[in-house]
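Report on one structure; see the data block that follows.
Computed from a predicted structure; not experimentally measured. All ligand and atom numbering here is 1-based and tracks the order in the structure.
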Amino acid sequence: MGSLGHQLHILFFPFLAHGHMIPTVDMAKLFASRGVKTTIITTPLNAPLFSKTIQKTKDLGFDIDIQTIKFPAAEAGLPEGCENTDAFITDENAGEMTKKFFVATTFLQEPFEKVLQERHPDCVVADMFFPWATDAAAKFGIPRLVFHGTSNFALSAGECVRLYEPYKKVSSDYEPFVVPHLPGGIKLTRKQLPDFVRENVQNDFTKLVKASKESELRSFGVIFNSFYELEPAYADYYRKVLGRRAWNVGPVSLCNRDIEDKSGRGKEASIDQHECLRWLDSKKPNSVVYICFGSMASFSASQLKEIATGLEASGQQFIWVVRRNKNSEEDKEDWLPEGFEERMEDKGLIIRGWAPQVLILDHEAIGAFVTHCGWNSTLEGITAGKPLITWPISAEQFYNEKLVTDVLKTGVGVGVKEWVRVRGDHVKSEAVEKAITRIMVGEEAEEKRSRANKLGEIARKAVEEGGSSWSDFNALIEELRSYRP
Ligand code: UDP
């Protein structure tokens with residue numbers, strides 16, 4: 001097996017949501033391409049989401065496979081066929097369904113242990129939402145790595161907020177506080193923190209987060225889809241001050257090199273990739289704004305209208321991903337200004353559904369990316385060398401925004417003030433127009449673009465031979481190998 005010596009076997013077990021499965025599959029492909037035998041555990045209905053790309057990797061001669069385990073939907077009171085968060089995220093009962101979904105995932109422990117017993121891998125990379133995976137792996141003497149799917153910055157900032165509770169020391173929801181002990185003097189407000197943090201709520205979800213923290217401390221370490229040069233102060237903080245063992249092996253999306261790989265991530269794209277490329281090819285470099293809010297967020301009709309109005313007023317060309325299907329009930333709602341599509345015929349492309357995001361971002365015509373700051377999207381934008389307009393909604397997205405706007409200085413915020421669960425804050429069209437103009441036109445835009453371009457180059461170097469992620473990968477593999485009998 002070449003210079004890496006005896007072949008290791010690593011099992012990857014992603015949480016059942018696109019934002020977790022996509023980077024885990026990329027990571028498994030990365031490991032396989034570097035000579036590691038990899039197996040991805042998932043459920044029958046999720047396997048087809050990545051079986052094609054896995055087959056392609058296999059055809060190249062790499063050792064990669066999927067192993068399915070049954071998803072206990074009915075046992076948790078969920079309808080059959082509900083095997084990932086897609087099935088209910090826009091449902092009226094999303095809250096209830098989410099709870100049941102998390103319950104169902106705890107039932108995965110038993111089949112997971114069976115796989116461990118049968119396959120006995122050298123290591124397991126299991127999602128942070130599976131806190132029981134550390135003990136399950138320990139039963140068989142297998143080291144467990146945690147995959148959070150976010151940045152060193154966000155995890156470090158979250159930990160500082162949790163430990164020092166700065167939000168309790170301000171007099172109002174909108175009074176900024178500095179995140180204590182975190183390098184960089186990062187400022188946030190109480191309203192930008194998750195509701196369960198700022199309101200000190202105890203519920204099933206906070207219990208899960210607590211269990212996840214505890215299991216992380218007992219695990220072998222943490223694996224990041226990030227690269228050292230992106231956030232050195234925070235990668236160091238996470239390791240040296242917070243005392244975690246961590247490896248940065250990203251950006252993992254770079255393992256997708258050709259058109260098919262780049263457009264085949266997650267769900268099937270709602271636009272033919274060649275048609276999409278033809279459209280982009282007809283545009284000048286840096287002349288198109290790409291707008292997409294990840295796989296979970298959804299907006300009200302009135303918010304979509306504000307976006308459309310802001311876009312039109314900015315005068316910029318755009319690709320806008322809207323998760324509404326043509327001719328669906330939702331689409332009958334009046335979410336576009338009158339005559340918008342006709343007026344924008346040459347200027348804009350609306351993708352209803354799923355976009356081939358990395359393919360789009362990597363195109364030279366894209367001049368900026370309006371993102372909800374999910375970590376995958378943020379890192380994909382950074383890796384493509386694009387300046388960002390940050391529009392965080394929930395999860396740890398407000399931290400990622402700060403990394404982009406205040407530390408990397410490759411983006412501008414659209415001005416979101418409040419963390420919400422799913423539906424985005426009400427941002428006015430004027431704010432949308434202003435942020436787009438600021439990132440696309442003028443001296444500040446040039447400066448941000450040149451900084452973003454440089455960062456993209458550094459990202460690509462990180463995963464090449466001799467780069468920081470390449471080296472972290474080697475260090476991890478060597479250490480795992482040293483445990484082999
Ligand atoms: N994505 C995509 N097409 C879409 C929407 C999302 O390919 O239309 C991908 C995107 O490239 C990223 C992932 O889905 O890899 C979303 O992850 P992220 O962490 O950005 O956000 P989440 O969906 O978890 O909120």
Side-chain angles (χ1 to χ4, degrees), residues 14-27 29-30 46 49-50 52-53 84-86 89-90 94 98 127-129 147-151 153-155 194 224-226 250-256 259-273 276 290-299 318-325 349-363 366 369-384 386 388-401 403-404 411 419-424:
F15 184 67
L16 307 168
H18 294 292
H20 294 245
M21 289 188 280
I22 291 174
T24 308
V25 170
D26 281 348
M27 196 180 277
K29 280 165 51 178
L30 167 79
N46 285 301
L49 291 171
F50 43 84
K52 224 185 201 168
T53 184
N84 68 41
T85 51
D86 247 15
I89 204 65
T90 51
T98 307
D127 201 277
M128 60 155 293
F129 281 130
F147 178 58
H148 287 269
T150 190
S151 54
F153 178 91
L155 280 188
F224 280 97
N225 177 19
S226 185
V252 295
S253 63
L254 283 171
C255 72
N256 301 293
I259 295 177
E260 266 174 42
D261 284 337
K262 287 183 189 181
S263 54
R265 299 165 78 242
K267 291 200 266 192
E268 195 172 332
S270 316
I271 181 168
D272 173 72
Q273 65 259 39
C276 190
Y290 171 65
I291 304 138
C292 181
F293 298 93
S295 65
M296 312 274 282
S298 75
F299 286 132
F318 61 86
I319 292 184
W320 180 17
V321 187
V322 186
R323 295 225 323 277
R324 292 187 176 220
N325 298 323
L349 185 64
I350 295 180
I351 298 179
R352 289 169 158 83
W354 192 257
Q357 176 155 306
V358 166
L359 185 78
I360 294 173
L361 281 173
D362 280 355
H363 198 283
I366 299 297
F369 176 19
V370 181
T371 172
H372 72 308
C373 299
W375 181 242
N376 297 298
S377 295
T378 305
L379 188 61
E380 287 158 17
I382 290 170
T383 306
K386 309 297 176 181
L388 309 177
I389 294 176
T390 56
W391 184 319
I393 297 166
S394 64
E396 88 304 359
Q397 294 151 14
F398 283 85
Y399 293 135
N400 295 334
E401 168 175 61
L403 174 66
V404 171
W419 188 102
V420 291
R421 221 149 257 285
V422 185
R423 289 214 165 197

Could you go through ligand 1 and note, for every N or O atom, any protein N or O atom closer than 3.5 angstrom, writing the atom names and distance to 0.1 Å, or 'none'?
unit_1   : atom_1 : unit_2 : atom_2 : d
ligand 1 : 3 (N)  : A355   : O      : 2.7
ligand 1 : 7 (O)  : A355   : O      : 3.3
ligand 1 : 8 (O)  : A355   : N      : 2.8
ligand 1 : 11 (O) : Q357   : NE2    : 3.2
ligand 1 : 11 (O) : E380   : OE1    : 2.6
ligand 1 : 11 (O) : E380   : OE2    : 3.4
ligand 1 : 15 (O) : E380   : OE2    : 2.6
ligand 1 : 17 (O) : N376   : ND2    : 3.3
ligand 1 : 19 (O) : W375   : N      : 3.4
ligand 1 : 19 (O) : N376   : N      : 3.1
ligand 1 : 19 (O) : N376   : ND2    : 2.9
ligand 1 : 20 (O) : S377   : N      : 2.9
ligand 1 : 20 (O) : S377   : OG     : 2.5
ligand 1 : 21 (O) : H372   : NE2    : 3.0
ligand 1 : 23 (O) : S295   : N      : 2.7
ligand 1 : 23 (O) : S295   : OG     : 2.4
ligand 1 : 25 (O) : H372   : NE2    : 2.9

Exercise. Would you please test H363 and Y290 for ring-ring contact (aromatic ring centres under 6.0 Å, His included) and show each step?
Key: CA-CA 11 Å; H363 198 283; Y290 171 65; over 10 Å; no
Exercise. Write down the atom of V252, the atom of N225, and the distance for their closest heavy-atom approach.
Key: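 Closest approach of V252 to N225: N-OD1, 2.9 Å.
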Practice problem: Applying side-chain contact (heavy atoms from CB on, under 4.5 Å), name anything that partners D362, two or more places apart in sequence or on another chain. | Solution: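 Partners of D362 by the side-chain contact (heavy atoms from CB on, under 4.5 Å) criterion, ordered by chain and then number, come out as K262, V358, A384.
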Practice problem: Would you tell me whether S151 and N400 have side-chain atoms, one donor and one acceptor, within less than 3.5 Å of each other? | Solution: yes
Self-check item: Check: T150 side chain, W375 main-chain N or O, donor-acceptor pair, under 3.5 Å
Solution: no
Quiz item: Taking the inter-plane angle between the rings of W391 and F299 on a 0 to 90° scale, is it parallel (under 30°), tilted (30 to 60°) or perpendicular (over 60°)?
Solution: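 Geometry flag for F299 against W391: tilted rings.
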